[in-house]
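The structure appears below as structure tokens.
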There are 2 protein chains.
Amino acid sequence: MDMDLPLGVEDRLRAALPDLTRAERQVATHILRQYPVAALGSITALARAAEVSTPTVVRLCQKLGYRGYPDFQSALRGEVGAMLESPLVKHDRWAGGAPDTHILNRFAAAVVANLQATLSQINHGDFDAVANLLADPSRRIFAMGGRITHAHADYLVSLMKVVRPEVTLLSDMSNTWPPALLDMKPGDVLVAFDIRRYENSVLQLVELSVEQGAEVVVITDRWVSPAAAHARHTLTAHIEAPSAWDSTVSILVLVETLLASVQSRTWAETEGRMKRMETLYDRSRFFRRYR
Amino acid sequence: MDMDLPLGVEDRLRAALPDLTRAERQVATHILRQYPVAALGSITALARAAEVSTPTVVRLCQKLGYRGYPDFQSALRGEVGAMLESPLVKHDRWAGGAPDTHILNRFAAAVVANLQATLSQINHGDFDAVANLLADPSRRIFAMGGRITHAHADYLVSLMKVVRPEVTLLSDMSNTWPPALLDMKPGDVLVAFDIRRYENSVLQLVELSVEQGAEVVVITDRWVSPAAAHARHTLTAHIEAPSAWDSTVSILVLVETLLASVQSRTWAETEGRMKRMETLYDRSRFFRRYR
DNA sequence: GGATTTCCGAAATGATTGTAACAGAAAATG
DNA sequence: CATTTTCTGTTACAATCATTTCGGAAATCC
């Protein structure tokens, strides 16, 4: 006898799914298909919608560990309540109407919207192609960003260095370019970040790199940097935010997902490398612990 | 005879509020107070909770333009359903539903979950206090990060410099600290980023800064950096991700929201500063446009 | 203050709900 | 193929629900 009490309704439904009979599964999938609205009404409505009889629904509820339909439903209602209280969905209700939600919530809502817009628009093939480029050990990787996106290039490089060798951050000061460009061979990859207001330095570097035969990936906003004209691949992100600036969160998501993607592509070689890196960090940390 | 058909349940409740009788208003406010869960159950439950009789509830529903309680409730359920269709829940859905989704979607789902978890746990008072610290022109701001979070400190500093003067990025190389620490006066602010694996350098700098009398803000993950022990304020973020390492997206959201918050607090002084900054950038860009 | 109107809940009532019991159908087992 | 087991819907019934009715309480108006 195993009891799995502390689970949510949705989880229980999913978990129980394989052990259910045909009609019961019919109900369960119907609920999941339009969760949770489907199960917010009366048992008869649910049964009719799922095209089974009401006792089937009752039996399902009991199989899930509830005492009956009302019990099941009140559990569900509790969760729905919690969902709706959750900061992101939280409507600007509460006395006095809209403008009193905390900026954290407003900002987060914008971020989520951006993310959704970005993802719905990204071409998976393009994305995978970029990941493949970055995962190719025979290519060197260079990255640069503009005034605002410099930090993202930095982030990409710091973490990518853990996964593979030959990753270089190009400063946005153009006097550091020549040595790097000197090293750039055909087939090498430049990842350039450029969001509005687009910067000339990025455009110039991209042009120079293309002349060297590099593959250029441009990560930009949805109004598209002019540098993208020279790029092999372009990833665009939505960056609107309720503030004087833009939000670069979706760009960070792209970067992190690229990292995850590259890392999973090269796991065989990466694993050892990461382990070694960890130990080295550990030892250097130990070394520095003088205090 | 005025008919206001095309309104939402919540709006109708609010709109009708003044024209209601005592008992009816009692019901309406009770529903609004815990909207919409309060009205998802049976009429008796609602009536008891609002401490009125069931006929009162019925009369209220009819006054709002519904045919009765069931009609009212089904309208409400429709809206709840629409609410729950909002972005993040959908993400949850396609993330949990189909295991073969692209890594972009899986990653984004994790990101949204992190965000939600982070926000539900952040103390608004704390957050605002930090924003106030950063907005105070009489304090100098310093920021530093660890191996991974260095980029976030960089980002914070780059953008904060636009909003206000006296913002400095501390490298994680400890030989650059002494001059900065020399400048640090009591009341100055250090923003330190530290996520697992926590780094000794951050801890050390925090300790030194506290000795100098600085106010320390630590931004860390939910397992909390040891540096937080010395901090005046701590903001924690969720960073789990479906990859070999963590996702710092929620940290970036915190940073950007802090920026937006500070910026709106100091808009009066900031506006001119930002304008000047823009023109300077424009002119320098123009200057560099030699090609 | 008396009369009128408005408001509210107790009681009554019909409708609906959720569950238990049962029986036929389907599948599995020998 | 017979038999058992499992599954599912029909029926029946108690419980609850939503609504109408109605009488009295409270407020309002001459």
Side-chain angles (χ1 to χ4, degrees), chain A residues 1-2 9 12-13 15-33 36-80, chain B residues 1-2 9 12-13 15-80:
Chain A
M1 254 315 181
D2 56 339
V9 173
R12 288 202 206 185
L13 277 167
L17 219 47
D19 303 332
L20 296 180
T21 68
R22 196 252 321 151
E24 286 165 352
R25 190 158 38 235
Q26 214 165 306
V27 181
T29 54
H30 175 83
I31 297 177
L32 288 173
R33 179 146 26 227
V37 224
L40 248 40
S42 74
I43 195 175
T44 35
L46 172 56
R48 185 161 36 227
E51 298 180 324
V52 297
S53 67
T54 49
T56 304
V57 178
V58 176
R59 283 189 286 264
L60 171 64
C61 293
Q62 291 167 344
K63 230 176 209 175
L64 293 177
Y66 302 97
R67 287 164 29 104
Y69 186 72
D71 187 26
F72 163 81
Q73 200 179 42
S74 86
L76 185 72
R77 268 202 286 271
E79 289 185 23
V80 168
Chain B
M1 246 325 172
D2 57 340
V9 173
R12 290 204 206 183
L13 277 167
L17 220 45
D19 302 333
L20 296 179
T21 68
R22 196 253 319 153
E24 287 165 352
R25 189 158 39 236
Q26 215 164 307
V27 181
T29 54
H30 175 83
I31 296 177
L32 288 172
R33 177 145 31 224
Q34 18 186 343
Y35 186 84
V37 226
L40 249 39
S42 75
I43 194 177
T44 36
L46 173 55
R48 185 159 36 224
E51 298 180 327
V52 297
S53 68
T54 49
T56 303
V57 179
V58 176
R59 282 189 287 262
L60 172 63
C61 294
Q62 291 168 344
K63 230 177 210 174
L64 293 176
Y66 302 97
R67 287 164 29 103
Y69 186 72
D71 187 27
F72 163 81
Q73 199 179 41
S74 86
L76 184 72
R77 269 201 286 270
E79 289 185 22
V80 169

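Convention: sequence-line order gives letters A, B, ...; per-chain numbering from 1. Only heavy atoms go into these numbers, but all of them, side chains included; no hydrogens, no water, no symmetry mates.
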Any non-hydrogen side-chain atom of [X] less than 4.5 Å from a side-chain atom of [Y]?
{"X": "B/Thr54", "Y": "B/Tyr69", "answer": "no"}
{"X": "A/Leu64", "Y": "A/Val9", "answer": "no"}
{"X": "B/Leu13", "Y": "B/Leu17", "answer": "no"}

Side-chain N,O (A/Thr21) to OP1/OP2 (D/dT6) below 4.0 Å: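 No, no such contact exists.
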
For [X] and [Y], work out which heavy atoms get closest and say how close.
{"X": "A/His30", "Y": "A/Ala49", "answer": "NE2-CB, 3.5 Å"}
{"X": "B/Pro36", "Y": "B/Leu76", "answer": "O-CD2, 3.9 Å"}
{"X": "A/Leu60", "Y": "A/Ala28", "answer": "CD2-N, 4.1 Å"}

For B/Gln62, answer base if it contacts any base atom (sugar-phosphate contacts may also be present), sugar-phosphate if it contacts only those atoms, and nothing otherwise; contact means non-hydrogen atoms under 4.0 Å. sugar-phosphate

Base, sugar-phosphate, or nothing: which does A/Arg59 touch, judged by heavy atoms less than 4.0 Å apart?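 Contact class for A/Arg59: base.
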
Which residues in residues 69-78 of chain A have at least one heavy atom lying under 4.0 Å from any atom of DNA chain D? none

For DNA chain D, what residues of residues 42-52 of chain B have any heavy atom nearer than 4.0 Å?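 Residues of residues 42-52 of chain B that come under 4.0 Å of DNA chain D are, in numerical order, B/Ser42, B/Ile43, B/Thr44.
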
More than 12 heavy atoms of other groups within 6.0 Å of A/Glu51 CD: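 Open: at most 12 neighbouring heavy atoms sit under 6.0 Å from CD of A/Glu51.
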
Please identify the 5'-most and 3'-most nucleotides of DNA chain C with any atom under 4.0 angstrom from a heavy atom of chain B.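 Listing 5' to 3', DNA chain C meets chain B from C/dC7 to C/dA10.
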
Could you check A/Val52 against A/Val57 for side-chain contact (heavy atoms from CB on, under 4.5 Å), going step by step and ending with a plain yes or no? CA-CA 8 Å; A/Val52 297; A/Val57 178; 4.2 Å; yes

Using the six-membered ring of B/Phe72, assess whether NZ or CZ of B/Arg12 lies under 6.0 Å from its centre and within 45 degrees of the ring axis. no

May I ask you to decide if B/Leu40's main-chain N or O and B/Gln73's side chain share a donor-acceptor pair within less than 3.5 Å? yes

Map B/Thr54 and B/Asp19 onto DNA chain C by nearest heavy atom, then report which one ends up closer to the 5' terminus.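 By nearest-heavy-atom nucleotide position, the 5'-most residue is B/Asp19.
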
Return the value, rounded to whole Å, for the distance between atom CZ of B/Arg67 and atom C1' of D/dT20. 15 Å

Against A/Thr21, only a single residue in A/Lys63, A/Arg59, A/Gln26 fulfils side-chain contact (heavy atoms from CB on, under 4.5 Å); can you say which?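 Only match with A/Thr21 under side-chain contact (heavy atoms from CB on, under 4.5 Å): A/Lys63.
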
